[in-house]
Amino acid sequence: MPQGQPSVVPDDGLTTRQRRNRPLVFVHTGIGKGKSTAAFGLALRAWNQGWPIGVFQFVKSAKWKVGEENALKVLGASGEGGTVDWHKMGEGWSWVQRGIHGDNSDNEEKAREGWEQVKRDLAAETYKLYVLDEFAYPMHWGWIDVDEVVEVLRNRPGTQHVVITGRNAPEKLVEFADLVTDMSKVKHPMDAGQKGQRGIEW
């Protein structure tokens, strides 16, 4: 396929410019390594364009520092590209004020809190790019309703792009998304007994 040239031009009444600037939903799923890495690579491109970026890290522990977190935070604070806000479920989310009796062990509740904030930000058009890292899991586990997610994304205002990562992305989400990549594993060093290493896995 020639670079930048679509293989089919739909008869949808849109101009080339309108179709080109359409907001997109990306899904990175599958059992292979690289789903989040690809999403954060997309965030780097968005940062370079000066877009405000919101990262919502579902499932992973707050103690788990992915390398991209520090890099994107530094870039976001540099004043040269877009801004970057990073929210982590394991920290109870930055906007949730929990009392001393708050139940921080309820991951299902935390996932829902994160999704509620994503909905508020989409309605307010807070970001141009949303990275919902590992968000496929709460949907797969039944914590968050897939039909609601699709409906919210379908009706989001403006030109907000959303990338969702995680294994077992629900079929309804896959059908709705504009771009879906299924990462398949051919080989991995762990298959030969090698543990994850600094600079590669984190």
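Quick caveat, the model's predicted, so the values are computed rather than measured.
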Trainee: Run the side chain to side chain donor-acceptor pair (under 3.5 Å) test against Ser78 and tell me which residues pass, sequence neighbours left out.
Mentor: none
Trainee: Decide yes or no on side chain to side chain contact (heavy atoms under 4.5 Å, CB included) for Val25 and Leu179, but give the supporting numbers first.
Mentor: CA-CA 7 Å; Val25 172; Leu179 186 153; over 6 Å; no
Trainee: If I compare all heavy atoms of Val27 with all of Ala177, which pair ends up nearest, and what's the gap?
Mentor: CG2-CB, 3.7 Å
Trainee: Considering residues at least two apart in sequence or located in another chain, which fulfil the side-chain contact (heavy atoms from CB on, under 4.5 Å) criterion with Met183?
Mentor: Lys35, Ala38, Thr181
Trainee: Would a 4.5 Å heavy-atom cut-off, applied to side chains only, mark Phe135 and Thr165 as touching?
Mentor: no
Trainee: Output all residues satisfying salt bridge (charged side-chain N to carboxylate O under 4.0 Å, His left out) with Arg167, sequence neighbours left out; order by chain, then residue number.
Mentor: none
Trainee: Locate the shortest heavy-atom distance separating Asp178 from Leu24; write the atom from each residue and the value.
Mentor: OD2-CA, 3.3 Å
Trainee: Sequence neighbours left out, what passes side chain to side chain donor-acceptor pair (under 3.5 Å) with Thr126? Give chain and number order.
Mentor: Asp121
Trainee: Any non-hydrogen side-chain atom of Leu132 less than 4.5 Å from a side-chain atom of Val163?
Mentor: no
Trainee: Lys33 pairs by side chain to side chain contact (heavy atoms under 4.5 Å, CB included) with which of Met190, Lys185, His188?
Mentor: His188
Trainee: Going by heavy atoms in the side chains, are Asn168 and Thr29 under 4.5 Å from each other?
Mentor: no
Trainee: Can you list everything that forms a salt bridge (charged side-chain N to carboxylate O under 4.0 Å, His left out) with Arg45? Sequence neighbours excluded, please.
Mentor: none
Trainee: Salt bridge (charged side-chain N to carboxylate O under 4.0 Å, His left out) with Arg198: which residues, sequence neighbours excluded?
Mentor: none
Trainee: Do Ile31 and Ser184 come close enough that some side-chain heavy atom pair is under 4.5 Å?
Mentor: no
Trainee: Please examine the side chains of Asn107 and Met89, heavy atoms only from C-beta on, and report whether any two atoms are closer than 4.5 Å.
Mentor: yes
Trainee: Kindly say whether the aromatic ring centers of Trp47 and Tyr127 come within a distance under 6.0 Å.
Mentor: no
Trainee: Could you tell me whether a side-chain N or O of Thr83 sits under 3.5 Å from a main-chain N or O of Gly76, the two making a donor and an acceptor?
Mentor: no
Trainee: Taking atom types as modelled, find out whether Tyr130 and Gln160 have a side-chain donor-acceptor pair closer than 3.5 angstrom.
Mentor: yes
Trainee: Only pairs under 3.5 Å count here: list side-chain donor-acceptor contacts from residues 141-150, not counting sequence neighbours, and write none if there are none.
Mentor:
from	atom 1	to	atom 2	distance (Å)
Asp145	OD2	Asp147	N	3.4
Asp145	OD2	Glu148	N	2.8
Asp147	OD1	Lys172	NZ	3.0
Asp147	OD2	Lys172	NZ	3.3
Glu148	OE2	Trp115	NE1	3.4
Glu148	OE2	Lys119	NZ	2.5

Trainee: Of the non-hydrogen atoms in Phe58 and Ala111, which two are nearest, and what is the gap between them?
Mentor: CE2-O, 3.5 Å
Trainee: Checking Asn48 now: which residues fulfil side-chain contact (heavy atoms from CB on, under 4.5 Å) with it, not counting sequence neighbours?
Mentor: none
Trainee: Suppose we screen for side-chain contact (heavy atoms from CB on, under 4.5 Å). Which residues come up paired with Gln197, at least two apart in sequence or across chains?
Mentor: Gln194, Ile200, Glu201
Trainee: Go through Val131 and Leu129 one step at a time and tell me if the side chain to side chain contact (heavy atoms under 4.5 Å, CB included) criterion holds.
Mentor: CA-CA 7 Å; Val131 177; Leu129 175 69; 4.2 Å; yes
Trainee: List in chain and number order the residues that pass ring-ring contact (aromatic ring centres under 6.0 Å, His included) with His161, two or more places apart in sequence or in another chain; answer none if no residue qualifies.
Mentor: Trp51
Trainee: If I compare all heavy atoms of Pro170 with all of Ala136, which pair ends up nearest, and what's the gap?
Mentor: CD-O, 4.4 Å
Trainee: Please check if any side-chain donor atom of Asp133 sits under 3.5 Å from a side-chain acceptor atom of Ser36, or the reverse.
Mentor: yes
Trainee: I'd like to check Leu153 versus Val162 (side-chain heavy atoms, cut-off strictly below 4.5 Å). Are they in contact?
Mentor: yes
Trainee: Does Glu68 have any side chain to side chain donor-acceptor pair (under 3.5 Å) partners at least two apart in sequence or in another chain, and if so, which?
Mentor: none
Trainee: I'd like to know if Glu116 pairs up with Arg112 as an ion pair, taking the criterion as any Lys NZ or Arg NE/NH1/NH2 lying under 4.0 Å from an Asp or Glu carboxylate oxygen.
Mentor: no
Trainee: Would you please test His87 and Asp85 for side chain to side chain contact (heavy atoms under 4.5 Å, CB included) and show each step?
Mentor: CA-CA 7 Å; His87 308 287; Asp85 292 332; 3.9 Å; yes
Trainee: Quick check: do Leu72 and Phe40 have side-chain heavy atoms less than 4.5 Å from each other?
Mentor: yes
Trainee: Mind checking what makes side chain to side chain donor-acceptor pair (under 3.5 Å) contact with Glu125, not counting sequence neighbours?
Mentor: none
